[in-house]
Amino acid sequence: MFRVTAYRTRVAVIAALTLLCLPACSAGQPKSSDAAARVKGPISLVYLQKQGDQQYFLDEADGARARAAELGVQLKVVDVGTDADRTVREVRSAVGAGAHGVIVVVPDPVVGPEVARITRDAGVVLLASDDQICTNLADPAVCAHKRLVPRVGFSSAQTGFEVGRRAAEEYRKAGWKPADTRVVSVWRHDVSVCRERVDAAAEAFLQAGQVTTLDLGTDNTVAGAQQKVAATVAAERSGVRHWVVWGCNDENVQGAVTALQEAGVGPDHVIGVGLGAYLACRNWVSGRPTGMRAALFINGRAVGALAVQTVYDRLRDGREMPAESFAPATMVDAATWKTSGAACH
């Protein structure tokens, strides 16, 4: 069960106190990356991941471990699942154990200010992985740029745009009409990078014309998306023959494609474009027709390695961490994924 309510209440109180304190209290507060001194001896890092059983995050952890081994870094990887409380506890534990740096993929950005405070007060370097967090607000989307924690991952706007552009290409190629087509956009609504991805996808798809979009909130899992889309398809079937699907990750699109298939919608009437390709590729291995037409391959191993390297460079050489560092992404499909470097598990 998600334990986020208590944090949202706590953040509201903190926000109120912050308004009373500004601007006097803001003076002299260093960014988390500014608080740490260079480390001459062995470097110890902790990588906290949400939903660490998902293939992308498994790949990310493998990439982080491999780079840590190359650099001689002591690395501990912890899967916090979807537990916001545990994320904060693990940050405290990392600090208490003497970690020099913490890399975190938060289950919910609401914990960002507390995570930033804990690491800043301890002089520990903090780097956000994949999802953005803010040092003083629960919602990174409304955070001042200088208050955003440095992040590694991939450009949400660019990846979302590529997804929408490929969906538009497939839509035009299929010759479908807006009147009997629906776009299904499935994503977790309280995650700012998800919002950026689907908004960019929608913008890119406009080049193909105006199509009614069904915006569905999910928990970013296959089962969650499948359940939500199944209910939506049942309500929307009248007069609708074709479906275009995108989402925040491969899980959302896979769940939607599966729901449509189980509802009797044939693969020729579904255009699904995933984001990650680690689940999308499973549809292509068998060679059977599928509604998963393409996916943007994001190399989780590259992101994990980049995260470790970024913190290492900060601690060893004093190199300032960039505001954002991105790993490359490549659009793949049934014909190209094997040569792209994507691993299908």
Side-chain angles (χ1 to χ4, degrees), residues 33 43 45-79 101-106 125-133 149-163 166 191 193-194 196-197 200 220 248-251 253 273-282 284 294-317 319-333 336-345:
S33 62
I43 290 175
L45 304 181
V46 175
Y47 208 132
L48 306 178
Q49 293 181 309
K50 70 177 183 181
Q51 297 175 293
D53 58 342
Q54 291 185 2
Q55 191 58 54
Y56 170 81
F57 292 116
L58 291 170
D59 291 343
E60 185 177 73
D62 287 344
R65 291 188 184 100
R67 182 56 54 86
E70 293 172 4
L71 298 172
V73 169
Q74 299 169 2
L75 176 69
K76 179 181 180 182
V77 178
V78 180
D79 175 15
V102 172
I103 305 166
V104 60
V105 190
V106 293
V125 168
L126 175 65
L127 178 68
S129 177
D130 301 285
D131 295 344
Q132 189 75 71
I133 54 176
V149 172
R151 180 178 77 93
V152 299
F154 46 91
S155 169
S156 293
Q158 183 60 37
T159 54
F161 193 86
E162 292 300 324
V163 166
R166 180 57 180 262
V191 176
V193 292
C194 287
E196 292 171 6
R197 293 171 201 171
N220 278 355
C248 184
N249 55 20
D250 254 22
E251 282 79 7
V253 181
V273 182
L275 206 164
Y278 47 88
L279 294 183
C281 62
R282 297 180 186 177
W284 305 324
L296 192 67
F297 168 50
I298 299 167
N299 193 332
R301 290 183 63 91
V303 173
L306 179 61
V308 170
Q309 186 71 57
T310 299
V311 178
Y312 176 87
D313 289 343
R314 170 61 181 159
L315 290 168
R316 185 66 83 210
D317 303 326
R319 191 179 307 172
E320 190 66 26
M321 295 190 295
E324 290 186 305
S325 301
F326 299 139
T330 306
M331 186 64 69
V332 298
D333 54 30
T336 63
W337 73 271
K338 288 183 179 180
T339 59
S340 70
C344 204
H345 302 273

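Side chains are part of it too, since the values below use all heavy atoms of this structure and drop only hydrogens, waters and symmetry mates.
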For side chain to side chain contact (heavy atoms under 4.5 Å, CB included), just list the numbers for V104 and V149, CA-CA rounded to whole Å, side-chain angles, deciding distance to a tenth of an Å, and then say yes or no.
CA-CA 10 Å; V104 60; V149 172; over 6 Å; no
Suppose we screen for side-chain hydrogen bond (donor to acceptor under 3.5 Å, both in side chains). Which residues come up paired with E196, at least two apart in sequence or across chains?
none
The side-chain hydrogen bond (donor to acceptor under 3.5 Å, both in side chains) partners of T159 (sequence neighbours excluded) come to none
Out of curiosity, L296 CG to F161 CZ, how far, rounded to the nearest 0.5 Å?
13.0 Å
Taken to the nearest 0.5 Å, the spacing of R314 CZ from L126 CG works out to 12.0 Å
Who are the salt bridge (Lys or Arg N to Asp or Glu O under 4.0 Å) partners of R316, not counting sequence neighbours?
none
How close do T310 and L306 get, heavy atom to heavy atom, and via which atoms?
OG1-O, 2.7 Å
For N299, all residues meeting side-chain hydrogen bond (donor to acceptor under 3.5 Å, both in side chains), sequence neighbours excluded:
none
Nearest heavy-atom neighbours spanning Y47 and A307:
OH-CB, 3.6 Å
Going by side chain to side chain contact (heavy atoms under 4.5 Å, CB included), name the residues that satisfy it together with L58, two or more places apart in sequence or in a different chain.
Q55
Contacts of K338 that satisfy side chain to side chain contact (heavy atoms under 4.5 Å, CB included) - sequence neighbours left out:
none
Just by modelled atom types, is the N249 backbone N or O under 3.5 Å from a matching donor or acceptor in the N220 side chain?
no
What are the two closest heavy atoms between V163 and G274, and how far apart are they?
CG2-O, 3.8 Å
CG of L275 to CG of D250: how many Å apart, nearest 0.5 Å?
7.0 Å
Of all heavy-atom pairs between V193 and S156, which one has the smallest distance, and what is that distance?
CB-OG, 3.3 Å
Atom of C248, atom of R197 and distance for their closest heavy-atom approach:
O-NH1, 2.8 Å
Report the residues that fulfil salt bridge (Lys or Arg N to Asp or Glu O under 4.0 Å) with R301, sequence neighbours left out, ordered by chain and then residue number.
none
Rounded to the nearest 0.5 Å, what separates atom CD in E251 from atom CG in L279?
5.0 Å
Salt bridge (Lys or Arg N to Asp or Glu O under 4.0 Å) partners for D79, two or more places apart
none
Looking at A327 and V303, what are the two nearest heavy atoms and their distance?
CB-CG2, 3.7 Å
So Y56 and Y278, would you call those rings parallel, tilted or perpendicular, with 30° and 60° as cut-offs?
tilted
Residue pairs fulfilling salt bridge (charged side-chain N to carboxylate O under 4.0 Å, His left out) with at least one residue in residues 321-330, sequence neighbours excluded
R151-E324
Which value, rounded to the nearest 0.5 Å, describes the distance between L127 atom CG and L45 atom CG?
9.5 Å
Could you list the residues that satisfy side chain to side chain contact (heavy atoms under 4.5 Å, CB included) with A277, not counting sequence neighbours?
A295, F297, V332
What I want to find out is whether K50 reaches D131 closely enough, with some N-O distance under 4.0 Å, to be called a salt bridge.
yes
Kindly write out the residues that satisfy salt bridge (Lys or Arg N to Asp or Glu O under 4.0 Å) with D53, not counting sequence neighbours, or none if the list is empty.
none
List the residues meeting side-chain hydrogen bond (donor to acceptor under 3.5 Å, both in side chains) with R67, not counting sequence neighbours, and say none if there are none.
E70, Q309
